[in-house]
Amino acid sequence: MSAQIGVTGLAVMGANLARNLARNGYTVALHNRSVAKTDALLAAHGDEGDFIRTETMAELVESLEKPRRVLIMVKAGGPVDSVIDALVPLMEPGDIIIDGGNSNFQDTRRREADLARKDLHFVGVGVSGGEEGALLGPSIMPGGSKESYDALGPLLEKISAKVDGQPCCAWIGTDGAGHFVKMVHNGIEYADMQVIGEAYDLLRSAAGIEPAAQSEIFAKWNEGQLASFLIEITAEVLGHVDAKTGKPLVDVIVDSAGQKGTGRWTVQSGLDLGSPISAIAESVFARGLSSQRGQRAIAQDVLAGHELPVELGADFVEDVRQALYASKLISYAQGIDMLQSAAVEYNWDLKLDEIASLWRGGCIIRAELLKDITKAYAADEKPANLLFAPAFAAEIAQVLPAWRRVVSAAVQLGIPVPVFSSSLAYYDGLRRKRLPAALTQGLRDLFGAHTYNRVDVGGTFHTQWSGDKSEVSAVDTH
Ligand code: NBP
């Protein structure tokens, strides 16, 4: 018996993907650095399908049909390079090495180029859905060559989540495109969670609605425009009572949010691309601020508040819902805009409708909204920005007054809403006819002779600030 695919790295994600593949009828060769994990998986789930137990890389490679497919599911970073180094001498031209971990897309680009020189395919695959998704059907974002997708795609599509009968898996683009799209997915996930947190804080701190009652509000919200996995689990977490204290669980959890790095990578990459992904950036910064517990404790005593009284309207809860929806839309619009910039920079032909479509199921940001986003980018005329799609421009117009009221109230009450407010600033910045960037350019020209363009004639100019202040035509030194 030979296996259609091998999996090396059988911690929680690798084990669950291996089980998912076996449950879908594939023979799966299993390998882990320490054999104990392989044996534990076989002991607990060996009856779920056809597995081949291997102890060494050589055994793993020998057990595979050709072209060989080996899925690496080890810790991102150095361990992936070690496993690749061990595999390469054992593989033959045309074989496929797949990295399904959360690798940085730049590492994936480097590895793909290295292996292409050895006639091996390297496919970086973004996998979203956590432990449960890996087992029951994740959202899968494969990069690498089109040729490798022909050999690998059918397996990945089979084990992926399905929405309306469509697999949540499609070839994203060459080299690191899959890992890049997964990274941006995670960035949007950060923003999605932050806007939920801001809504919760406003309902609690401004309107005095306790977690149990909020659980019902979020459950109701999950039936409408906001329907999504994250809103659904927010209702669950807010409704959960701590068995030890009888308090809402959310009140006994330390208010310091961790991060594993994909949000930070998204922001770093957004800065490199010049993409205004303020919602994602503010979400990462909000987690950073939450973790500065020492400074936050000192601030309790030394920093004034001077909150101002606010008359909350009778529809405050609905206002917050609308502000949450608007801010969520902005984070998707910014994330997708970043994908467009990356497509140009890295020469990827990203199909935004397919990407939105495969985020509809299996992944953490799965949401009803993604169906409309898919439609917007499947249209003949693709919007330059998601917000320009007629359906979304109309929706934003509808929720805009509530969004402004909520941000104003939050500012007056001293409740931090970094993503609600920065998203509104992004929206207003985008639609503003004249931005103060003109003044910025004037200042740059004065202190650094950085030059400017004029609104009335073409060319690049410099004012001789330290001389007679006359304007001269200049070579662009931006
Ligand atoms: P971990 O990230 O915890 O990695 C543990 C695995 O890596 C074990 O199999 C371990 O072998 C192996 N390993 C390490 Br550590 N160093 C190694 C080396 N030098 N050579 C060979 N093997 C090595 O596993 P995980 O939590 O299952 O995650 C796997 C990947 O999936 C990661 O990239 C992670 O970021 C990603 N992930 C994705 C999601 C998602 O929702 N998509 C969720 C969680 C994780 P050992 O057993 O011998 O120590």
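Computed from a predicted structure; not experimentally measured. Remember, it's 1-based here, ligands and their atoms both numbered in the order they're listed.
At a cut-off of 3.5 Å, with distance as the only test, a side-chain donor of Trp348 or Asp175 sits close to an acceptor on the other residue. A side-chain N or O of His121 and one of Ser145 form a donor-acceptor pair less than 3.5 Å apart. Side-chain contact check for Asn20 and Asn16: no donor-acceptor pair (N or O, by modelled atom type) lies under 3.5 Å.
In the vicinity of Val12, heavy-atom distances shorter than 4.0 Å reach the ligand 1 atoms 26 (O), 27 (O). In the vicinity of Pro79, heavy-atom distances shorter than 4.0 Å reach the ligand 1 atoms 16 (N), 17 (C), 18 (C), 19 (N). For ligand 1, the atoms sitting less than 4.0 Å from at least one non-hydrogen atom of Ala76 are 33 (O), numbered in the order shown with element in parentheses. For ligand 1, the atoms lying closer than 4.0 Å to a non-hydrogen atom of Gly9 are 9 (O). Applying the 4.0 Å criterion to heavy atoms of Leu10 picks out, from ligand 1, the atoms 9 (O). Against a heavy-atom cut-off of under 4.0 Å, Val127 is close to the following atoms of ligand 1: 40 (C), 42 (N).
Classification of Lys146 and Asp349 as a salt-bridged pair fails, no side-chain N sitting under 4.0 Å from a carboxylate O. With respect to Asp192 and Lys328, a salt bridge is recorded, a charged nitrogen being found less than 4.0 Å from a carboxylate O. Between Arg110 and Asp107 there is a salt bridge, since at least one side-chain N of the basic residue sits less than 4.0 Å from a carboxylate O of the acidic one. Looking at Arg321 and Glu318, a side-chain N of the basic residue comes within less than 4.0 Å of a carboxylate O on the acidic one, giving a salt bridge.
Nearest to atom 47 (O) of ligand 1 by heavy atom, out of His185, Lys37, Glu189, Glu131, is Lys37. Between Arg33, His31, Met73, it is Arg33 that holds the heavy atom closest to atom 49 (O) of ligand 1. One option in Val83, Thr262, Val125 has a heavy atom closer to atom 21 (C) of ligand 1 than any other, and that option is Val83. Closest heavy-atom approach to atom 15 (Br) of ligand 1 within the set Met57, Met13, Lys75: this belongs to Lys75.
In this structure, atom 22 (N) of ligand 1 lies nearest to the protein heavy atom Val74 CG1, 3.5 Å. Summary of contacts: the protein heavy atom closest to atom 9 (O) of ligand 1 is Asn32 OD1, 2.7 Å. Ser34 OG, 2.9 Å is the protein heavy atom nearest to atom 48 (O) of ligand 1. Distance from atom 35 (O) of ligand 1 to its nearest protein heavy atom, with residue and atom name: Asn102 CB, 3.4 Å. With respect to atom 3 (O) of ligand 1, the closest heavy atom belonging to the protein is Ala11 CB, 4.5 Å. Among all non-hydrogen protein atoms, the one lying nearest atom 41 (O) of ligand 1 is Gly130 N, 2.9 Å.
Only the side chain of Lys182 comes within 4.0 Å of ligand 1, judged by heavy-atom distances. Proximity of Thr8 to ligand 1, defined as any heavy-atom pair under 4.0 Å, is not found for any part of the residue.
Without hydrogens or angle criteria, Glu189 side chain to Ile364 main chain gives no donor-acceptor distance under 3.5 Å. Of the possible donor and acceptor atoms, none in the side chain of Lys37 sits under 3.5 Å from a partner among the backbone N and O of Ala11. With hydrogens and angles disregarded, a donor-acceptor distance shorter than 3.5 Å links the side chain of Arg366 to the backbone of Cys363.
Minimum heavy-atom separation, Trp403 to Ile396: CZ3-CD1, 4.3 Å.
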